[in-house]
> 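Below: one structure in structure tokens.
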Amino acid sequence: MADTSPPRTERRLALFDASGFIFRAYHAIPPLTTSKGVPTNAVLGFTRMVLKALQELKPTHVALAFDKSGRVERQKIDPQYKANRKAPPEDLTPQFPLIRKVGDVLNLPSLDAEGWEADDVIGTLAMQAKAEGFQVLVVTSDKDFMQIVDEDITLFDPQKNKRMAVADVQEKMGILPRQVRDFLALVGDAVDNVAKVPGVGDKTAVELLHQFGDVETLLSRLEEVKKPKIRAALESHRDSLVRAKQLVTFNTTLPLGVKLDDLVRKAPDGTRARDLFTELEFFALLRDLPAEETPRPDVAPLVATTTVVTTEAELQSLVDAARAAQAVTLVPAFEGMPFAAPLVGLGVALPDGTTRYVPLRHQQLGASQVPVPAFVAAMKDLLADAGVKKGGHDLKALTLVLANDGLTLEGAHDDVELLSYLLNPSRREHALADLARERLRSELPALPASVEGKKGRALSDHGPEEVAAAYAVRADAARRLAPELWRELELGGLAELARTLELPLLPILARMEREGVKLDVKELGRISERVDVEVKAKEAECHTAAGHVFNLGSNPQLAQVLYEEQKLPILKRGKTGPSTDQEVLEKLAEEHGSVLARALIEYRGLSKLKSTYLDTLPSLVAKDGRIHTTYHQAATATGRLSSSDPNLQNIPIRTELGREIRRAFVADAGHQLVSADYSQVELRLLAHIAEDPVLIQAFLDDEDIHSRTAAEIFGVDPKTVDREQRRVAKTVNFGIAYGLSAHGLSTRLGISQESARDVIERYFTRYAGIRQYLEDTVEKARKVGYVETLYGRRRLMGDLLSKNRGVAQAAERAAINMPIQGTAADLMKKAMLSVDAALREQKLKARVLLQVHDELLIEAPDAEVEAVKALAVRCMASVAELKVPLKVDVGAGTSWADAH
DNA sequence: AGGTCTAGGGAG
DNA sequence: CTACTCCCTAGACCTT
């Protein structure tokens, strides 16, 4: 039996200067509130610091020390002590109790003493612990604490992550730790209103202490002080100096009535900590909390054991059970990209609450696992049977992995990632572990580190016993989460959206990813070589203009050259320094004739396209010569898809070079790419949703919408609108659904704020329905807490009630935009279902490859091109009956550029 | 060497 | 603060 209590010499007590950190955290972290408006910046900073320090110091004992009416006792010595301190800011006061709560849920004892400061509490405990043989670590950033440093007591500054021992004090101060109080008394403290001896600064104080050792000796041998002025000053400030030393000296003899055994470190109360952090919206910190040690009694723990399926008979009985229940939850074990990764094993949860793990490609098992062909044969029909509801987490990935073994998954129904997303699309992640923690109050067992970290052993090198439980438990967690999520979806009116839109879309996205798009690597290479030359030339041009070589990619270096060496005016500042962005460079080039700025703009444009696309895309081409992006169906706050690895939704188009890059996206031999995109879809939706008669009529008349808007704004005939007027109108049309302000419009158009205001006012006068819609949307969102699309997709909008004006206003703009952008996303998703169904129905070979928000890119055999163009237009335009027509532009060609 | 943050910029 | 929604790159900075 191992003795779990550490040996005496290894007992470490960490004492936190809580009060000190509260103020530091408050000032270090910009104002922050929860979505309900509760200020939390100091709480957050404090909590972070504590967690970090605990991790770093790994103490065996711990306490948080607070001030409690901290001036009272010292003001008995000197009524002026801290008399100039203002009351804490009003948004800090409510944070004190919250910080005590944090200490409470983290199981860290809070200590204080009436009338005394945290310093004294710490001093007292430090002495007590030292006497009992502890190592003491005082967590503080306050220099006053140096006075209690000795061989057993060290300071730790969590911000700098530095410890301070005796030698460090000597090095920093030039005196011994026990002389620190004498030093502080001599030099005083303006902040705390501790009087100093005039004429005595740091240097003199240290010199005096070297000569006399301490204040008392100094005062008893004043005649030995050489400098007459200093001697006189000390003479006349005798009393205040003695008082000062009393003020700065910690009281180390407080009757705290605490035994060190009471301070043994305990694990946080996982449940309460999670609840509190959730309430405070400290989502990042939630992850750092250790596993919950006390599961809630009303929830059964996730299955702890699982059956490893190694025979065909066992597999068959699993299949039979799933078929009988018409449902099964599956979590695949695989490594790498789902469209290329072999299935290593499959975690299975059945509705009866049992789980299995089916190993398939575990090296060690060899022949003692079900052979892949047998697995495929046994599972094929079950997986392809849409009547058997499939559950899991990220069923698109499951679909792709299964497809690698020729298996088709139908009946995707309980994808908990997708369901959770629909409930709250603003959430960054819908990780299974988080959902299980929040909704099941259960921690998922970790995967072996070598699996999780993707390094070391391959997954297939693990024995099934190492991973079986982990995957089975994941399946079980998903199975249990689904009904709860569906219940909430029903309550929110979101279930239909899930059933009829998102879930049917899932297999289509899987097919699109699997299909990929062909890239002409040679063509891209040719462009890259050419651009390489141009980039180098521009780089040289920049260096010449600067007069020396520097790193063009480094904004600090660039700022140095522009603003210090070339003395150009700083037009805009960012968080970290003067800005060097496009807008600024443009001005510097235009208005200040900067050659460097001009060359840099061109350099940036070229190098961006080169590094992001030309150099990167070829490495992402799979063995089949095609690029397989990943679509994220549970990513955006508005309901759009997103794309990554690579992002094919931001391939350039606006510049000539950009268009050339699109020329490298090509159709396979004998095929063409058909591009079909919605024209002005968001503006049309704005017209429909806002029910604005003027805008609706404009679309019904199929007018040039920007010219029409210009005509409305400027009160002229649409035919006589000039280019400038149209440009203004176009910017307004685009910006209005984003909550465009007069300020924004003026900077974008380079017009005065007055005329921008005028333009917006005229717009709203002509399109009165739009103003009404914008106002109603925000007002309703404030009341109900969310905004929604035509099809009921919701986005929760907590920030609308934020006390931070900037945050609240940003939320208003997002609230205005979401119903428009989100409805457009809904329409496109519906269109994708419709196109897919039509292609199948007509038995066409054409395949949808890409979706870029308002565009679909389809690869069609030459013979099908015309039919596919017509089909795409028909499907996309008829996806909804609105008060305005949906217009679809379509084109075809051998490359993506040519299809436009 | 590896992770995270920031600035900047590509798309709709 | 100042136009919404994303993802990716490079450099800076910090940690292992």
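The structure displayed is predicted, hence computed values, not measured ones.
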> Please determine whether a side-chain nitrogen or oxygen atom of A:Q582 lies at a distance below 4.0 Å from atom OP1 or OP2 of B:dG9.
yes
> Can you tell which of A:L509, A:T629, A:L641, A:I508 makes a side-chain contact (heavy atoms from CB on, under 4.5 Å) with A:Q851?
A:L641
> Using the P atom in both, what is the distance from B:dC5 to C:dA3, to the nearest Å?
26 Å
> Using a cut-off of less than 4.0 Å, is there contact between a side-chain N or O of A:T580 and OP1 or OP2 of B:dG8?
yes
> Can you see if the side chain of A:T636 gets near the phosphate of C:dC6 - specifically, an N or O under 4.0 Å from OP1 or OP2?
no
> Would you list the protein and nucleotides 12-16 of chain C atom pairs, both N or O, that sit under 3.5 Å from each other?
| residue | atom | partner | partner atom | Å |
| --- | --- | --- | --- | --- |
| C:dA12 | OP1 | A:S554 | OG | 2.4 |

> Once you round to the nearest 0.5 Å, how far does CG of A:L51 lie from CZ of A:F277?
5.5 Å
> Does C:dC4 have OP1 or OP2 sitting under 4.0 Å from an N or O in the side chain of A:R813?
yes
> Is the ring centre of A:H706 less than 6.0 Å from the ring centre of A:F734?
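For A:H706 and A:F734, the ring centres are under 6.0 Å apart.
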> Consider the side chain of A:S642, meaning its heavy atoms from C-beta on, and name the nucleotide among C:dC7, C:dT9, C:dT2 that approaches it most closely.
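Of all the options, the side chain of A:S642 is nearest to C:dC7.
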> Quick check on B:dG8: is either OP1 or OP2 less than 4.0 Å from any side-chain nitrogen or oxygen of A:S579?
yes
> Once hydrogens and angles are ignored, does a donor-acceptor distance under 3.5 Å link the base of B:dG10 to the side chain of A:R654?
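Result: no qualifying N/O pair found.
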> At what distance, to the nearest 0.5 angstrom, does CG of A:L856 lie from OG of A:S675?
8.5 Å
